[in-house]
Participant: 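Okay, here's the structure, questions in a sec.
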Amino acid sequence: MKIARSVSIVLAAVLPLAFSSGCATYRTISTAEQGSPKVFSGARLDVSAVLGDEFGLRKFKTDPPRYPLVDLPFSIALDAAILPLTVRAATGEFLSK
């Protein structure tokens, strides 16, 4: 019972932070242009922000979330859910060149 309460308190604290800082997957997909990374783009943006990789951040043409470590698991989950769509978009773009 005590563990369940602790988990619910942690989720109640982490979820608002994740959604208030913005979803990296949504940001990268909504601003995607030809040549921009598409497959696991949200997770890649979060990792670039955590590592301080300026070159990696410039590829996405959008700002990373305020709390990339908090957003990272949610971005991985959403990126995995839309993986068939992003792979199709990325390979179609590659084949059309």
Participant: Do the side chains of T28 and T62 get nearer than 4.5 Å, heavy atoms only?
Facilitator: yes

Participant: What distance separates Y26 OH from I82 CD1, expressed to the nearest 0.5 Å?
Facilitator: 12.0 Å

Participant: Answer yes or no: is there a donor N or O on one side and an acceptor on the other, between the side chain of R44 and the main chain of K38, under 3.5 Å?
Facilitator: no

Participant: Given 3.5 Å as the limit, does a donor-acceptor pair link the side chain of D71 with the main chain of C23, or not?
Facilitator: no

Participant: Going by the side chain to side chain donor-acceptor pair (under 3.5 Å) test, which pairs reach into residues 45-55, not counting sequence neighbours?
Facilitator: D46-S75

Participant: At what distance, to the nearest 0.5 angstrom, does CZ of F74 lie from CD1 of I76?
Facilitator: 11.0 Å

Participant: Is a donor on one side and an acceptor on the other found under 3.5 Å between the side chain of R27 and the backbone of D63?
Facilitator: yes

Participant: Which heavy atom in A24 sits nearest to a heavy atom in L45, and how many Å separate them?
Facilitator: CB-CD2, 3.9 Å

Participant: May I ask you to test the I29-S41 pair for a side-chain heavy-atom distance under 4.5 Å?
Facilitator: yes

Participant: Test T25 against F40 for side-chain contact (heavy atoms from CB on, under 4.5 Å), laying out the working first.
Facilitator: CA-CA 8 Å; T25 300; F40 276 90; over 6 Å; no

Participant: Looking at every non-hydrogen atom in both residues, tell me the closest pair between G42 and D79 and how far apart they are.
Facilitator: N-OD2, 3.2 Å

Participant: Using modelled atom types only, decide if a donor and an acceptor are shared between the side chain of K61 and the backbone of E33 within a distance under 3.5 Å.
Facilitator: no

Participant: How far apart are the closest heavy atoms of V39 and A90, and which atoms are they?
Facilitator: CG2-CB, 4.0 Å

Participant: Mind listing the closest non-hydrogen atom pair of P84 and A80 along with its distance?
Facilitator: CD-O, 4.4 Å

